[in-house]
Structure formats: structure tokens, C-alpha cells
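Just the heavy atoms: all of them, side chains too, but no hydrogens, waters or symmetry mates, feed the values below.
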Amino acid sequence: MLGLGADRLRADMNRLLALLFHQGVLDEQFLQLQQLQDESSPNFVSEVVNIYFHESEKLLRNLRALLLDTELSDYKKMGIHLNQLMGSSSSIGAKRVRNVCVAFRAASEQNNRAGCLRALELLEHEYCYLKNKLHELFQIEQQRALSAGIRYPMQN
């Protein structure tokens, strides 16, 4: 009976991943990241993604602070933060977040404050959607592992 629950949860994971790929939220880089996970590092993907989330939230805060400073928006610094966010988003396969970063960077290169504000709003939306869906995926994975009788070390 344990196997049936694990199979159902595996199917749920596959459906969620298929949806995220279909929506363009994720790309093949995420699959490559998953291939690096094995029995010796069963939480590899979630650990890498959680580091991404932690660092991305700092970058998003910095971008918002730079844009809210109406006296002096430092577009060059914005570009640096966006390049960091684009690179880390690409490395985990966060396709839509990366694509919004590209548009945001174009607006910042033109010193387009209104365009940057719109891009920041969209970036925060895409980031939150990605974060919620990947947390959902990791919760299903953890349930699947428990129902299959696999014991992974607890995360912090």
C-alpha cells in the first residue's frame, strides 16, 4: 500500500513539473539540476533552490530600494543586481524570472524609471509564483519520500 501513495505523489510531481514547463516557468536547466541529486545528496535541488531564494530576495530588496530613491536611481547598480539575478535564475532553470530580468535590464539601460517600476512589479510577481510552485513541488517530493519509506536528513 505504501507504494501506491508514493506512485500517486510521483504522478502529482510530474503533473506539476509538466505545468511549470508548459507555462514557461522552468526550462531544461531545472531538469539538469535534478539529475545532480542522488541518494548521497537527496535534498540537493531544494538546498540549491533555497539558496537561490535567499539571495534573490536580497537582490529584489536592493532593486526596490534603488527604485524608491526618487532623488537618485542608480541604474548602473540596478544592472549589476539584475545580472546577478539573471545568472542565478538561469542556473536553476527559472526561465520566466530570467526573461523579466532581461526586460528590466533593458529599461534600466535606458534610465526608464516607469519601465523599471513596471518590470520590478512583474519580477516580484513571477518570483513569488516560482517560489510558491517550487515549495509545493518540494512538499510533494518530501511526502513521496516519506510514503515510500525513504528517510532523508531533516533540513534547517
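Counting heavy atoms from C-beta outward, L33 and F44 have side chains that approach closer than 4.5 Å. In this structure the side chain of F104 never reaches within 4.5 angstrom of the side chain of M86, judged on heavy atoms. By the 4.5 Å heavy-atom criterion applied to side chains, D69 and D74 are not counted as neighbours. A heavy-atom distance below 4.5 Å is found between the side chains of F138 and V45.
Residues Q37 and N43 come closest through the heavy atom pair OE1-C, 3.8 Å. Closest approach of A119 and V100 over heavy atoms only: O-CG1, 3.7 Å. Shown here for P42 and E39, the closest heavy-atom pair between the two residues is CD-O, 3.4 Å. Of all heavy-atom pairs between I92 and F30, the closest is O-CD1, 3.3 Å. Contact between I140 and L9 at its shortest, heavy atoms only, is CG2-O, 3.4 Å.
With sequence neighbours left out, the ring-ring contact (aromatic ring centres under 6.0 Å, His included) criterion links H125 to no other residue.
Side-chain atoms of R98 do not come within 3.5 Å of backbone N or O of G93 as any donor-acceptor pair. Looking at S91, its side chain does come within 3.5 Å of a backbone N or O of S88 through a donor-acceptor pair.
The hydrophobic clustering, which links ILVMFWY residues whose side-chain heavy atoms are closer than 4.5 Å, places L31 and L130 together. L59 and I51 are assigned to two separate hydrophobic clusters, defined by single-linkage of ILVMFWY side chains at heavy-atom distances under 4.5 Å. Hydrophobic clustering of Ile, Leu, Val, Met, Phe, Trp and Tyr side chains at less than 4.5 Å, counting indirect connections, unites L36 with L134.
Of the inter-residue distances, the one linking L63 atom CG with S56 atom OG reads 10.0 Å to the nearest 0.5 angstrom. Expressed to the nearest 0.5 Å, how far CG of L120 lies from CZ of R113 amounts to 10.5 Å. The distance from the NE2 atom of H81 to the SG atom of C101 is 12.0 Å, given to the nearest 0.5 Å. Expressed to the nearest 0.5 Å, how far CD of E47 lies from CG of N50 amounts to 8.0 Å. Going from atom SG of C128 over to atom CG of L60 covers 8.0 Å, rounded to the nearest 0.5 Å.
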Under 3.5 Å, sequence neighbours excluded: what are the donor-acceptor pairs made by side chains of residues 10-26?
{"from": "D12", "atom 1": "OD1", "to": "R15", "atom 2": "NH2", "distance (Å)": "2.4"}
{"from": "N14", "atom 1": "ND2", "to": "R10", "atom 2": "O", "distance (Å)": "3.4"}
{"from": "Q23", "atom 1": "OE1", "to": "Y129", "atom 2": "OH", "distance (Å)": "2.7"}
{"from": "Q23", "atom 1": "NE2", "to": "Y129", "atom 2": "OH", "distance (Å)": "3.2"}

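Taking a 6.0 Å sphere around CD of Q32, one finds it holds more than 12 heavy atoms contributed by other residues, nucleotides or ligands.
Sequence neighbours left out, the pairs with a member in residues 57-66 that pass side chain to side chain donor-acceptor pair (under 3.5 Å) are E55-K58, E57-Y127, E57-K131, R64-E124.
No side-chain donor-acceptor contact under 3.5 Å links S108 and N111.
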Would R144 and E141 count as a salt bridge (charged side-chain N to carboxylate O under 4.0 Å, His left out) here? Give the steps.
CA-CA 5 Å; R144 186 199 63 80; E141 169 62 20; 3.0 Å; yes

